Amino acid sequence: MQANLEDAYIPVVLAKHAKEEGYEDARYFVKVGGEEKKGDSKGNTNSSIIIESNGSEKSTLAILEIHGRIAKLLVDDHAEQSERLKREFAQEKVRAEHKLEELVENEALLPRKQELINERATLIKRQIAVTEDLISTAEKDRSRALISAVTKESIDQSLATTFLLLDSTMSTNREKLRALEEQLFVQLPQERIAIDRETTEQKRLQIEQKQVIDDLVFQIENFKSTRVSLEPSRLPRLPLSGTLYQTLTIFGGIG
C-alpha cells in the first residue's frame, strides 16, 4: 500500500490539484508514515498507514481536500480489486464444489465394483467345480482304460490313443484349475484390498475438499477492502507559529 501511495496515488492527486488551482510550484507535500501489516490464520493481511502534511494555517482546506482525494483514489482502486478477488474466490469455490461432487460420485461407484468382484468370485467357483468334475471324470476313465489294458495284457492302438487323449485332457484341465484358483484366492482379494484403499482415499480427499470450500466461504464472507478509519483531521499546532500539521489514517488491505 505504501508503495502505491508514494508512486501513484499521491503524485496523481497533487498533479491534478495543481492543474485545477493553476499553480506550477510544489506547493503541498504529503508524507507517508510507516506501514504496519498484520496477518491472520487464514492468510489475510491487514495493513494500516498514515499520510501527513505540513502547511500554513491558510492551507488547511487544500490539504484536507488533497488527503481526501488520496484516500478516495486508494479506496476506489482497491474496491475494484476487492470485487475482482471476490469474484475469483467465488469461481474457485464453484470449481471446488464440482470437484467434491466428482469425489462423492467416485465413492458411490465403489460398492458396485465390490459387487462385481463377488459376482466374478461366484462364477469362478462354478468354473472350478466344473473343471474338478472334468478332471475326476477323466481320471476314472483312465482307470477303466488301465484295467482294460491289464485284462487284455496288452495295450492296442485304441487304448494308447485313449490314454493320450485322457492325459492331455487332464493336463489341460489341471492347468485351467490352477489359473482359476489363482484368480479366486489371489487376484480377487487383491482387487478387494485395492477398492478398500480407494474408498479410504476418496473419503480423505472429500474431507480435504470440504475444508477447501469452508476456507473459501470464510474468505468471501470475511473479505475486507481498504477503508479510511479516520477522517482527515488536524493535529494540535506545533510550537512553531503558523505551521499546520494534518494527518490521515488509512486502514485495510485486500483480502
Side-chain angles (χ1 to χ4, degrees), residues 1-96 212-255:
M1 188 191 297
Q2 182 172 352
N4 288 337
L5 281 168
E6 293 174 336
D7 299 335
Y9 305 121
I10 292 175
V12 168
V13 170
L14 291 177
K16 186 175 181 180
H17 188 270
K19 182 178 181 180
E20 291 175 353
E21 300 299 325
Y23 60 88
E24 296 182 355
D25 57 315
R27 187 174 299 180
Y28 304 102
F29 300 91
V30 180
K31 176 185 176 183
V32 180
E35 181 176 6
E36 181 181 355
K37 293 185 178 181
K38 294 181 180 180
D40 59 24
S41 60
K42 296 295 182 178
N44 297 320
T45 301
N46 293 326
S47 59
S48 59
I49 197 167
I50 296 176
I51 60 174
E52 307 165 345
S53 295
N54 293 330
S56 62
E57 187 74 28
K58 65 181 181 180
S59 303
T60 300
L61 294 180
I63 292 176
L64 289 176
E65 181 181 357
I66 289 172
H67 280 205
R69 289 186 182 185
I70 293 170
K72 186 177 185 305
L73 189 61
L74 176 65
V75 171
D76 290 348
D77 191 14
H78 280 206
E80 293 181 5
Q81 297 182 48
S82 296
E83 288 303 316
R84 175 178 56 79
L85 287 175
K86 287 175 70 175
R87 287 194 299 270
E88 291 178 358
F89 281 138
Q91 292 171 356
E92 189 175 347
K93 175 175 172 288
V94 171
R95 289 193 293 269
V212 169
I213 294 173
D214 290 342
D215 290 344
L216 288 168
V217 170
F218 180 86
Q219 292 187 62
I220 293 172
E221 293 178 349
N222 295 274
F223 204 88
K224 295 183 180 67
S225 58
T226 299
R227 59 186 173 83
V228 177
S229 62
L230 293 175
E231 293 298 325
S233 60
R234 185 179 68 179
L235 293 181
R237 182 179 299 177
L238 297 180
L240 181 60
S241 177
T243 300
L244 180 69
Y245 185 56
Q246 294 292 151
T247 181
L248 169 68
T249 299
I250 299 176
F251 174 83
I254 296 182

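Heavy-atom basis, side chains included; hydrogens, waters and symmetry copies ignored. In this text the structure is predicted, and so the values were computed from the model without any measurement.
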**Report entry** Full working for side-chain contact (heavy atoms from CB on, under 4.5 Å) between Glu83 and Glu80
**Finding:** CA-CA 5 Å; Glu83 288 303 316; Glu80 293 181 5; 5.9 Å; no
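- To the nearest 0.5 angstrom, Ile63 atom CD1 is 11.5 Å from Glu52 atom CD.
- Contact between Pro11 and Ala8 at its shortest, heavy atoms only, is CD-O, 3.3 Å.
- A salt bridge links Glu20 to Arg69: one of the charged nitrogens lies within less than 4.0 Å of a carboxylate oxygen.
- Side-chain atoms of Ser53 come within 3.5 Å of backbone N or O of Phe29 as a donor-acceptor pair.
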Requested in this report: Under the side-chain contact (heavy atoms from CB on, under 4.5 Å) rule, what do Phe218 and Phe89 come out as? Steps first, then yes or no, please.
Outcome: CA-CA 10 Å; Phe218 180 86; Phe89 281 138; over 6 Å; no
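- Taken to the nearest 0.5 Å, the CG atom of Leu85 stands 10.0 Å off from the CD atom of Gln219.
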Report task. Decide side-chain contact (heavy atoms from CB on, under 4.5 Å) for Val217 and Lys93; before the verdict, give the C-alpha distance in whole Å, the side-chain angles of both, and the deciding distance to 0.1 Å. Result -> CA-CA 7 Å; Val217 170; Lys93 175 175 172 288; 3.4 Å; yes
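- The shortest non-hydrogen separation linking Tyr9 to Leu74 is CE1-CD1, 3.2 Å.
- Taking CG of Leu5 as the start and CD1 of Ile10 as the end, the distance is 5.0 Å to the nearest 0.5 Å.
- Note that NZ of Lys16 is 8.5 Å distant from CG of Leu73, once rounded to the nearest 0.5 Å.
- Within the model, atoms NE2 of His78 and CD of Gln81 stand 5.0 Å from one another, a figure rounded to the nearest 0.5 Å.
- Separating the NZ atom in Lys72 from the CG atom in Asp77 is a distance of 11.0 Å, to the nearest 0.5 Å.
- More than 12 heavy atoms of other residues, nucleotides or ligands sit less than 6.0 Å from atom CD of Glu88.
- The heavy-atom pair separating Val13 from Ile66 by the smallest distance is CG1-O, 3.8 Å.
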